[in-house]
Engineer: 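Mind having a look at this structure? Questions to follow.
Every heavy atom of this structure was used, including side-chain atoms; hydrogens, water molecules and symmetry mates were not.
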Amino acid sequence: MRSRVPLGIFALGAVLVSTGVIATHSTPIDPNRVALPGSVPSWSDDRTGTPLAAADRELDIRFSVIIDEKRADDVPEVAAWLTRNGLQPGDYRASAGILPATGTVDAVSAAFATSFQAYEVGGTDAIAPRSALSVPTELPAVVGVSGLIQADTFRPTLSSPRAAAPVVSPDCATYWGEKLSDQWPAGLDIEKRSNSLCGYTPAQLRAVQQVPADVTGVGATIAIVAAYDDLDVEANTNTYFTAQGEQPFAPGQYVSHSPSNPDPTRCGGPSSWTEEQHLDVQAVHAMAPDARVIYWGSDDCTTTSMFTRILDAVENGDPDVISLSFGALEELDTADDRTLLNRVLVEAAARNISVFSSAGNDGDYSNFGDHAGGAEVTSPASSPYITAVGGTSTGLNQDGSLAVEAGWETQTRFARNGAIIPPGFVFGSGGGESVVYDRPSWQLDLPGQTGTGRLLPDVASLADPNTGFTVYGPHVGSTQYVSHGGTSLATPMVASMVALAKAKTGVEVGLATPFLYELAGTDALRDVTPASAATWSPNGTEKDALYPETIFVWDTKPQSLQSARGWDNVTGLGVPTGSSFIENFGKLK
């Protein structure tokens, strides 16, 4: 098992804390060099890599040199050393103690006395160091290097039905039970039934968390970080909200910061991220129509690009919250990657900025069902310096009241006979126990929870794409209305609730998680438990499937995750709800 990260000491609100994994000097490779053990992935010794092709050795790497903050005066010396070795240093980021740099794989290998190989990790192709990097002994300021794993690391945590539902169709329901197919198999005993929903409107999205009508986010600023930038987001959002009778963005209310040097050859390219961006922006605007929304697009989806873009959002614009709807397997981070992330998150907390991250859409990533690896959780959500957001399946009545709710863990069945469609599990909220972070103090007394690792998620909101949110934007080559879900939806919804609370009460809180646990068991957090419920859809889980009609059964533990009374590994403490949450968030008992 990998070593865990010491949490240090938290001071609620301002958060005074050690910055996570700090790479320590180990036995020198030779008398003139010091090894940086946190720079190499934990799995490099467990997997057989293959030599790199010539083109891969010339691949440019964007990385960050992690500086001992007590030796910040030595940064010019480090920068000069990088330059002498054919690498290009950027500007020192003092707030996180990092020196960004770029260079080819060959140049990095030579400078840091390592070698790179190609690997396959959790279905992802990666280029990574085979052995720990090292630096000359005369550079004691260097304590680590982040960003060396070259892979399409982070991906959007957006989830949609394979054949997306339009706003109106002959089969979908605009609220729970409005339409009900007669094709339900007699042998499938489900109490609460509905056709899959067409996609909730902005007003219905606010109803999921019972946002009071007079709480609209005046004075709040919500930042979103993802990859790339679609310049049509504002116009598409305004078209959609105007058509719905909702207020569009006022001039200057939405601001986007495009990446300075985007690499469209990576991460599926910008088209793979534009639906995520539309979902995030439109969900936030629905939840907090008067809040200022700032979007930050990174150059690509690697750890250095994404984590330093979070730092850009922290240092500029003074957001109340930051929403992150992306994730990757926790094992794709190195210890130095986690150091970079946690330094950024601690800086955010020190500035009273709350950061939220999606827990993922693939359940526990276990080898049950259609997943190849063992149980795992996602990064960056697994950091204890962030609030991890899980998901629910939520049905609303016509009047916006709650009809049915359960944890988002979905099993698929044939609509004609009720038999499980192999492998059974199709999608669901991520959750479980971290193997690299210790359990924070606010999770130590959770009833019935064994183990010592950080638990995910902390809270939850709407995520099931079959009870999803209507988004207007690009989809399969045209601009259209599509129902989306995933913890990509839940995360901006929860982040918006905290932003609404901050704007309403003026509470100054950095890391939100300890204050959420203070509300456990109160009506500020709606507890979520399993329900006998399912939706019927005319579409299967795959395009052109031979079994198009499908029953999506809720929260029956298709893997190892299931909601339960109190904290659980699908919805955490529950759903932040209504006036009680907005008025009481940030208060200590």
Engineer: Can you classify the ring geometry of Y119 versus W43 as parallel (below 30°), tilted (30 to 60°) or perpendicular (above 60°)?
Structural biologist: perpendicular
Engineer: Do you see a donor-acceptor pair shorter than 3.5 Å between the side chains of S461 and Q209?
Structural biologist: yes
Engineer: Just how far is it from atom CD1 of I310 to atom CG of L324, taken to the nearest 0.5 Å?
Structural biologist: 4.5 Å
Engineer: Roughly how far, to the nearest 0.5 Å, is the CZ atom of R62 from the OG1 atom of T303?
Structural biologist: 12.0 Å
Engineer: Is a side-chain donor-acceptor pair under 3.5 Å present for D337 with S146?
Structural biologist: yes
Engineer: Looking only at side chains, do S379 and D333 share a donor and an acceptor under 3.5 Å apart?
Structural biologist: yes
Engineer: Distance alone, cut at 3.5 Å: any donor-acceptor contact between the side chains of Q244 and T201?
Structural biologist: no
Engineer: For the ring-ring contact (aromatic ring centres under 6.0 Å, His included) test, which of Y295, Y254, F241 pairs with F249?
Structural biologist: Y254
Engineer: Between N361 and T157, does any side-chain donor sit less than 3.5 Å from a side-chain acceptor?
Structural biologist: no
Engineer: If I take atom CG from residue L148 and atom CG from residue L133, how far apart are they, to the nearest 0.5 angstrom?
Structural biologist: 5.5 Å
Engineer: Between S256 and E234, does any side-chain donor sit less than 3.5 Å from a side-chain acceptor?
Structural biologist: no
Engineer: Have Y228 and D263 got a donor and an acceptor in their side chains that come within less than 3.5 Å?
Structural biologist: no
Engineer: Just by distance, do the side chain of D56 and the backbone of L52 share a donor-acceptor pair under 3.5 Å?
Structural biologist: no
Engineer: Looking at every heavy atom in both I322 and A313, which two are closest together, and how far apart are they?
Structural biologist: CD1-CB, 3.9 Å
Engineer: Classify the angle between the aromatic ring planes of Y240 and Y472 as parallel (below 30°), tilted (30 to 60°) or perpendicular (above 60°).
Structural biologist: tilted
Engineer: Have N466 and S196 got a donor and an acceptor in their side chains that come within less than 3.5 Å?
Structural biologist: yes
Engineer: Run the side-chain hydrogen bond (donor to acceptor under 3.5 Å, both in side chains) test on S325 and S358 for me, step by step, so that the C-alpha distance in whole Å, both residues' side-chain angles and the decisive distance to 0.1 Å come before the verdict.
Structural biologist: CA-CA 5 Å; S325 289; S358 52; 5.0 Å; no
Engineer: Using the ring of each side chain (for Trp, its six-membered ring), is F307 parallel, tilted or perpendicular to F154, with breaks at 30° and 60°?
Structural biologist: tilted
Engineer: S383 side chain to Y385 main-chain N or O, any donor-acceptor pair under 3.5 Å?
Structural biologist: yes
Engineer: Tell me, do I224 and V293 make a side-chain contact under 4.5 Å, heavy atoms counted?
Structural biologist: yes
Engineer: Does a donor on one side chain sit under 3.5 Å from an acceptor on the other, for D290 and Q247?
Structural biologist: yes
Engineer: Strictly by modelled atom types, are Q88 and T83 linked by a side-chain donor-acceptor pair under 3.5 Å?
Structural biologist: no
Engineer: Sequence neighbours excluded, which residues qualify as side chain to side chain contact (heavy atoms under 4.5 Å, CB included) partners of A220?
Structural biologist: A291, D320, A499, A503
Engineer: Hey, is the main chain of E376 close enough, under 3.5 Å, to the side chain of E330 for a donor-acceptor pair?
Structural biologist: no
Engineer: Return the CG to NE2 distance between N236 and H278, rounded to the nearest 0.5 Å.
Structural biologist: 4.0 Å
Engineer: Decide whether T302 and D300 meet the rule of one side-chain donor and one side-chain acceptor closer than 3.5 Å.
Structural biologist: yes
Engineer: Looking only at side chains, do D60 and T102 share a donor and an acceptor under 3.5 Å apart?
Structural biologist: no
Engineer: Looking only at side-chain N and O atoms, does T237 offer a donor or acceptor that is under 3.5 Å from a partner on Q282?
Structural biologist: yes
Engineer: Is a donor on one side and an acceptor on the other found under 3.5 Å between the side chain of Q253 and the backbone of A250?
Structural biologist: yes
Engineer: Parallel, tilted or perpendicular for F112 and F63, by the 30°/60° rule?
Structural biologist: perpendicular
